[in-house]
2 protein chains.
Amino acid sequence: MNQITIKDLALKLGLSTSTISRALNDHPDINIQTKKLVNDLATKLEYEPNFMARNLQSKNSHQIGIIVPEIKHDFFSKAISGIEEVAYKNGFTVVVSQSNEDVEREKLNANSLYLNRIAGIIVSLSQTTKNVDHFKTLLSKGVKIVMFDRVAEGIDTYKVVVDDYQASYDAVKYLIGKGFKSIIHLAGPQTLLNCKNRYLGYKAAIEDSNIEFKEELVFYGGMHEDDGKMDIENLINNKIHFDAIFAVNDPVAIGASVVLKKNGLRVPEDVAIIGFSNNPITEYVSPSITTIDQPAYEMGKMSASILIALIRGEEMPTTSKNTKLEAKLILRESA
Amino acid sequence: MNQITIKDLALKLGLSTSTISRALNDHPDINIQTKKLVNDLATKLEYEPNFMARNLQSKNSHQIGIIVPEIKHDFFSKAISGIEEVAYKNGFTVVVSQSNEDVEREKLNANSLYLNRIAGIIVSLSQTTKNVDHFKTLLSKGVKIVMFDRVAEGIDTYKVVVDDYQASYDAVKYLIGKGFKSIIHLAGPQTLLNCKNRYLGYKAAIEDSNIEFKEELVFYGGMHEDDGKMDIENLINNKIHFDAIFAVNDPVAIGASVVLKKNGLRVPEDVAIIGFSNNPITEYVSPSITTIDQPAYEMGKMSASILIALIRGEEMPTTSKNTKLEAKLILRESA
DNA sequence: GTGAAAGCGCTAACAT
DNA sequence: ATGTTAGCGCTTTCAC
């Protein structure tokens with residue numbers, strides 16, 4: 001573990017550490033021959049710069065912190081891959097942490113990243129995050145933050161989302177066009193802006209048609225499979241009539257589908273279903289689930305590009321603080 | 001971004017930085033009143049220690065690096081959660097990176113972790129990793145390494161696996177007991193020890209029964225869905241007879257299942273299938289896939305415990321360098 | 001073109 | 001119980 005340092009190189013070459021440092025960093029002042037000398041010895045001795053020392057000196061770490069609810073969700077793991085892609089290309093490494101849908105864990109993660117003097121944070125909020133004061137604090141301390149997908153209102157930072165409103169609007173319009181009349185919405189936490197927009201898109205689509213909007217047909221819950229199951233079980237037990245479901249995301253849609261089948265209801269003949277995110281599993285379940293594709297990988301890349309520009313104080317890749325990427329309806333068997 | 005440092009505290013309190021440092025770290029020598037004084041001011045001023053400086057000084061980072069093929073696989077994301085769990089409890093943070101099944105990327109990731117003076121590395125090898133010289137190099141530089149699931153032979157480090165041999169043996173014995181006679185094996189890269197053991201378990205189960213073992217019934221390929229598809233397509237095109245499949249993992253099993261269905265073959269009546277890993281998707285596909293459950297979360301926790309003990313030079317939680325956890329057959333519709 | 005010296009924030013041996 | 005000093009490995013002014 002005995003690391004070669006620039007001091008070692010300096011000693012062997014009879015030069016000063018500053019010359020070594022400059023040579024290694026290709027500083028214009030240094031004689032080209034000296035540079036060669038230094039670099040040759042460095043490779044020969046397998047010199048590896050100590051990033052910790054360099055970071056301490058330069059006061060920033062070239063590490064990007066990511067906080068997502070759960071990496072096991074296909075959407076998030078794809079987004080992370082996108083972030084990694086851009087990060088590596090720009091000489092940044094990536095630290096991933098999960099909030100497990102728990103605000104408290106989210107706070108801990110955020111703070112721990114900060115203590116490690118992370119260069120910036122890319123975050124997608126947990127379900128239980130009601131307010132984002134912990135991120136506002138970091139922001140005020142100068143930490144660069146980009147939010148994606150699960151973003152919050154009322155925090156002044158860059159955000160990368162999909163046009164949740166429009167995509168939801170289109171999906172529900174599609175259901176209406178197919179003749180469905182009692183379309184319920186299994187909604188997510190309205191503190192999350194994307195969930196709110198999905199709800200608003202649903203509402204607008206209904207109101208723009210000749211159907212009466214009923215708030216009683218909106219059921220607010222979580223974003224897991226169990227939430228979808230519970231909602232539909234309740235509806236069936238209470239004999240509430242509906243012929244289509246617009247779910248806030250795919251797990252909820254799948255949970256709903258499972259319960260419907262168990263109760264002898266046919267999908268889509270008796271009840272149609274549309275989910276959100278295009279999780280690969282939606283293609284495998286039977287019936288396969290109609291859903292909305294979010295460009296997860298692209299969202300990750302975009303978030304990273306923005307964050308890195310922010311860190312470097314460079315020109316931003318986007319004009320607006322709110323980047324909206326396109327999402328599109330993927331037709332399958334369930335609707 | 002102007003950080004409060006111990007120097008600031010020292011100045012305000014008229015004490016030396018060393019006293020502040022010791023007070024903050026609860027050093028026994030320090031007067032209890034002084035400690036209170038220091039800690040109170042620290043909280044008041046929102047002092048946050050600079051980990052980079054601390055790490056530079058102590059020459060280690062309290063960061064654990066993870067390298068997995070792809071985080072989107074349920075097995076790996078669960079394992080990562082397990083690692084995180086233990087890491088956080090012990091004051092370590094976690095840096096995740098993906099090799100994308102590419103050795104070259106794996107090498108880059110490993111080296112980048114090393115340059116960042118990571119405290120240790122937990123790795124599950126990529127499919128394309130034929131030799132592990134890059135890890136041997138790190139090992140010789142004193143980096144602590146733990147391998148899990150996709151481990152290699154011929155490298156002297158701690159490993160956490162499932163009893164792949166026994167689990168495979170049991171699965172194939174189960175198929176034989178059900179009366180299947182032409183059981184093929186869709187095998188993974190034999191450079192990965194777990195793949196090799198799954199193959200050996202398959203072979204032993206066959207040989208221990210009254211069935212002739214035929215190497216022609218073993219098909220070596222990758223670990224993705226497409227590999228399973230390709231193999232089965234070829235078999236069908238070449239009219240090779242088989243009545244059961246033991247696949248090296250779930251994606252391969254699912255790929256096989258899809259092609260069988262497409263060709264009008266019934267699962268399990270015409271061909272039975274058993275996968276490996278208990279990916280949640282195996283429960284959702286139709287027919288659901290019989291598979292072997294690996295305790296992913298536990299494996300992650302165990303790997304992290306071992307690595308941290310290794311880093312701290314503490315007593316090891318395991319007696320052997322090879323930890324084997326139990327895997328068990330989960331019966332579903334496909335076999 | 002190169003060197004000397006200071007400092008990033010923190011810790012720890014060695015005083016006192 | 002507290003202070004002084006040095007140093008972790010690197011970069012960067014300021015000299016020459």
State, to the nearest 10°, the angle formed by the axis through the first five base pairs of the helix from C:dG1-D:dC16 to C:dT16-D:dA1 and the axis through its last five. 40°
With sequence neighbours excluded, residues passing salt bridge (Lys or Arg N to Asp or Glu O under 4.0 Å) with A:Lys324: none
With A:Glu298, which residues qualify under salt bridge (Lys or Arg N to Asp or Glu O under 4.0 Å), at least two apart? none
Contact letters for nucleotides 6-16 of chain D, in which S counts primed atoms plus P, OP1 and OP2 and B counts the base, heavy atoms under 4.0 Å: -BBBBBBB---
Under the salt bridge (Lys or Arg N to Asp or Glu O under 4.0 Å) test, which residues partner B:Asp74, sequence neighbours left out? B:Lys78
May I have all residue pairs that pass salt bridge (Lys or Arg N to Asp or Glu O under 4.0 Å) and include part of residues 129-138 of chain A, sequence neighbours excluded? none
B:Glu46: which residues meet the salt bridge (Lys or Arg N to Asp or Glu O under 4.0 Å) condition with it, sequence neighbours left out? none
Go through residues 28-37 of chain A and report each residue with a non-hydrogen atom lying under 4.0 Å from DNA chain D, sorted by number. none
Identify all side-chain donor-acceptor contacts of residues 118-127 of chain A below 3.5 Å with residues at least two apart in sequence or on another chain.
unit_1, atom_1, unit_2, atom_2, d
A:Ser124, OG, A:Phe148, O, 2.9
A:Ser124, OG, A:Arg150, N, 3.2
A:Ser126, OG, A:Thr128, N, 3.1
A:Ser126, OG, A:Thr128, OG1, 3.0
A:Ser126, OG, A:Thr129, N, 3.3
A:Ser126, OG, A:Thr129, OG1, 2.9

Whole-Å distance, A:Asn55 CG to C:dC10 P, equals 15 Å
Test your reading of the model: is there a side-chain donor-acceptor pair from B:Ser97 to the backbone of B:Gly65, 3.5 Å cut-off? no
Could you give all pairs that pass the ring-ring contact (aromatic ring centres under 6.0 Å, His included) test and reach residues 9-56 of chain A, with sequence neighbours left out? none
Any salt bridge (Lys or Arg N to Asp or Glu O under 4.0 Å) pairs touching residues 17-37 of chain A, not counting sequence neighbours? A:Asp26-A:Lys35, A:Lys36-A:Asp40
If a pair satisfies ring-ring contact (aromatic ring centres under 6.0 Å, His included) and one of its residues is in residues 60-101 of chain A, list it, with sequence neighbours excluded. A:His62-A:Phe92
Rounded interatomic separation in angstrom, taking NE2 from A:His27 and C1' from C:dG3: 13 Å
